[in-house]
Amino acid sequence: METKHENDEMEIDLGAVFHMLLSRWWAILLTAILGAAAGLGITAGLMTPQYRSSAMLYILPRNAEETSMSDLQVGTELVADCVEIAKSNTVLDATIQDVAAQYGEVYTRQEISDMVSVTNDADTRILNISATYENPVIACAVANAVSTETSSQVAAIMQTTPPTVVESAEVSDTPVSPSTKRNMVLGAAVGLVLCCAVLVVRYLVDDSIRTSEDVEKYLGLNLLAVVPLEGRRKAPKK
């Protein structure tokens, strides 16, 4: 006994799909607006603003008043070591004590570590120390404390003069996240894509016969005649 398997192929008329979407432009636009409104609501109601403050250290170890080219080269090579020192438990613990003494707020090492970011721009001896937190005053205090303690630790470990604080952190008035505009655009894009996906799926699974072309497409029958549909005639007035 032989079993035959027939593969049904679905032909998708991209032009018809496009015209269908175009005819539903109002639904797509409405969904995009609702998505943008949802993004705005989530940003304003559920996300906590984060503020960032940054300090800068200039790494140049020297034991004399005059600076040589070798000192500059050594400073460049030691920046990577200074990045690790800035993340050390010694610096974090000192930062915890400084912030507690100034503001009465006590944080753990992990909390301070999560706030702090230490980076170095390529081919420079500048150490960028940033702190990001929901309280802009605490973010500024943490950035300055880490900067100060890193400078002290580098001087003690390397037996050189402390790195120079090029720029102290300042309290930020503008949050760095979340981005209201980005979240609104993202919400609108998600709403638009979901609406288009639903409309296309409904269009593809809809096998209702509405036109003469549908008769030939779905039933495989040749159309002999078309009877026009007329509205109900009004009865003559007496």
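- Asn183 and Ser179 share no side-chain donor-acceptor pair at under 3.5 Å.
- In this structure, the side chains of Met115 and Thr132 stay at 4.5 Å or more apart for every pair of heavy atoms.
- Counting only N and O atoms by type, the side chains of Gln97 and Asp93 include no donor and acceptor under 3.5 Å apart.
- For Glu134, the CD atom counts as densely surrounded, since its 6.0 Å shell holds more than 12 non-hydrogen atoms of other residues, nucleotides or ligands.
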Decide side chain to side chain contact (heavy atoms under 4.5 Å, CB included) for Ile96 and Arg109; before the verdict, give the C-alpha distance in whole Å, the side-chain angles of both, and the deciding distance to 0.1 Å. CA-CA 8 Å; Ile96 292 172; Arg109 283 180 181 174; 4.1 Å; yes

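- At least one side-chain heavy atom of Ile126 sits less than 4.5 Å from a side-chain heavy atom of Tyr58.
- With hydrophobic clusters built from ILVMFWY side chains whose heavy atoms lie under 4.5 angstrom apart, Val190 does not share a cluster with Met184.
- Considering every non-hydrogen atom in both Ala143 and Ala55, the closest pair reads O-CB, 4.1 Å.
- No continuous path of ILVMFWY side-chain contacts below 4.5 Å connects Val176 to Tyr133, so the two sit in separate hydrophobic clusters.
- When all heavy atoms are compared, the tightest approach of Ser53 to Pro136 is OG-O, 4.2 Å.
- Following chains of ILVMFWY side-chain contacts shorter than 4.5 Å, one can reach Val79 starting from Ile129, so the two form part of one hydrophobic cluster.
- Between Met158 and Cys82 the shortest side-chain heavy-atom distance falls below 4.5 Å.
- Using a 4.5 Å cut-off on side-chain heavy atoms (C-beta onward), Ile138 and Tyr107 make contact.
- With a 4.5 Å cut-off on side-chain heavy atoms, Leu194 and Thr31 do not count as touching.
- Between Cys140 and Ala169 the shortest heavy-atom distance is SG-O, 3.4 Å.
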Please assess Ile28 against Leu199 for the test side chain to side chain contact (heavy atoms under 4.5 Å, CB included), listing each intermediate value before the final yes or no. CA-CA 9 Å; Ile28 297 174; Leu199 291 175; 4.0 Å; yes

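- Under the 4.5 Å side-chain heavy-atom criterion for grouping Ile, Leu, Val, Met, Phe, Trp and Tyr, Val201 is not connected to Val198 through any hydrophobic cluster.
- Remark: side-chain polar atoms of Ser88 are paired, donor with acceptor, to backbone N or O of Ile85 under 3.5 angstrom.
- The backbone N or O of Thr148 sits nowhere less than 3.5 Å from a side-chain atom of Asn144 that would complete a donor-acceptor pair.
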Begin with the C-alpha distance, continue with both residues' side-chain angles, and end with the deciding distance and a verdict on side chain to side chain contact (heavy atoms under 4.5 Å, CB included) for Arg52 and Ser172. CA-CA 6 Å; Arg52 179 177 299 157; Ser172 175; 6.0 Å; no

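- Looking at heavy atoms from C-beta onward, Ser147 lies in side-chain contact with Val165 at the 4.5 angstrom threshold.
- Closest approach of Val91 to Ala86, counting heavy atoms only: CG1-O, 3.6 Å.
- Inter-residue side-chain proximity for Leu92 and Ile112 is flagged as met; some heavy-atom pair is nearer than 4.5 Å.
- The backbone N or O of Val166 sits nowhere less than 3.5 Å from a side-chain atom of Thr164 that would complete a donor-acceptor pair.
- Considering only heavy atoms from C-beta on, Ile42 comes within 4.5 Å of Met47 through its side chain.
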